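Accompanying notes for the structure given below.
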Amino acid sequence: MPKIIKNEEHLSQILEQLIETTGEVEIAIETLAVDHGIPKRVAEALACGLNIFPKRYKANAGTLGSKGQKRLLQSKVLVAGLGGLGGHVVEQLVRCGVGELVGVDADNFDETNLNRQLYSDINSIGLSKTEAARNRVAKINDAVEFYPFTRKLEDLEGNTYDGVDLIFDCLDTIPSRLHLQEMGERYSIPLVHGAIGGWFGQVAVVWPGSKLLSNIYGTKREGIEKTLGNPPFTPALIATLMVSEGIKLLLGKKKRENTVLFADLLSNQWQNITL
Amino acid sequence: MELEIKLFASLRKFNQELERIEVDDGITILELFDKAGIPPSEVAIVLVNGRHATLDQPLHDGETVAAFPPIAGG
């Protein structure tokens, strides 16, 4: 990475020339990546640095700006849990153009996932959730790098968190969520937390040192989803809120506060509380 | 004394109509839940006038108690 930073100006000049001669941003990016042995996401970030948007991010431009898009392409995000929340989170992060994704899940898809987990379908039953996510990412955006870890979060090695800017907590048990909070604290990485159960969900940003998840769950070790289950619409909504919180964090648009947003889709009530 | 109660998400099923309740002075949150038919085992977060509170906390006239269940699915 330092080598690329050192050459950034030089590579940008080459990219500019390539765009001029080929007249096609995508071809110029591809050529630069291949000729200079750099990842495509790095070449795309260089284009954004020139205020030129690759076509696949054009619709992001007005919202993120070229600086914001560049920042996302240079970001590395860990998604813990690739089930109901995690599938939707990965889908949106890839389409946002977050450059590197670390996906962690020990499980394979089964029939009970079909009602809500985006990457589960009749053909993916039995397939590991990490493999399904990797296949999907490759289909959507070949500039995004996806690093699959098919194991329990607790079994991850410390260096998995190297260079990670942000963690998405898409897990489904309170003990594993508390473990993730501890990792965020140990490696000084903020967490975007999301949880669902029935018609209800919650979203929060857990800043390192805040112990917000400990305050949310107290002594509880099981949630209402054990009796209410998870319908398809709640994870999609909560994942969307998580991603918008995460993008704000990555772009430096999020101020530090210990709040939890509760969504009650049964009575259409939204409640923001501070802990 | 009179208290205001706000139940959120799945907790509403325990007492849908309840908004205000007349209770003895000095009652704790735990005693309030007992009186209102809310199982403490179903409550993760309690706020009194918007501030995080513990179940043994005594309540005062006019306070608002808000309760939220634990949500942990993914």
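Both backbone and side-chain heavy atoms feed into the values below; hydrogens, waters and symmetry mates do not. Predicted model only: the values in this text are computed from it and were never measured. Each chain gets a letter, A, B and so on, in the order the sequences are listed, and its residues count up from 1.
No side-chain heavy atom of Gln269(A) sits under 4.5 Å from any side-chain heavy atom of Lys6(B). Residues Gln271(A) and Phe68(B) meet the side-chain proximity criterion, which asks for heavy atoms closer than 4.5 Å. No side-chain heavy atom of Ile273(A) sits under 4.5 Å from any side-chain heavy atom of Phe8(B).
Between the side chain of Tyr217(A) and the backbone N or O of Ile71(B), at least one donor-acceptor pair lies under 3.5 Å.
Using a 4.5 Å cut-off between heavy atoms, Leu228(A) touches chain B through its side chain atoms alone. Using a 4.5 Å cut-off between heavy atoms, Ser267(A) contacts chain B through its side chain alone, with no backbone atom that close. Within the 4.5 angstrom heavy-atom criterion, no atom of Arg51(B) approaches chain A. With a threshold of 4.5 angstrom between heavy atoms, Asp169(A) does not approach chain B through any atom at all. Contacts between Leu266(A) and chain B at a heavy-atom distance below 4.5 Å are absent for every atom of the residue. Looking at Gln117(A), there are no atoms closer than 4.5 Å to chain B (heavy atoms on both sides), in backbone or side chain. Interface residue Asp172(A): backbone and side-chain heavy atoms are both found under 4.5 Å from chain B.
Among Ile196(A), Leu85(A), Asp264(A), the residue with the largest count of heavy-atom pairs under 4.5 Å with chain B is Ile196(A). Counting heavy-atom pairs closer than 4.5 Å to chain A, the top residue among Pro70(B), Ser41(B), Ala44(B) is Pro70(B).
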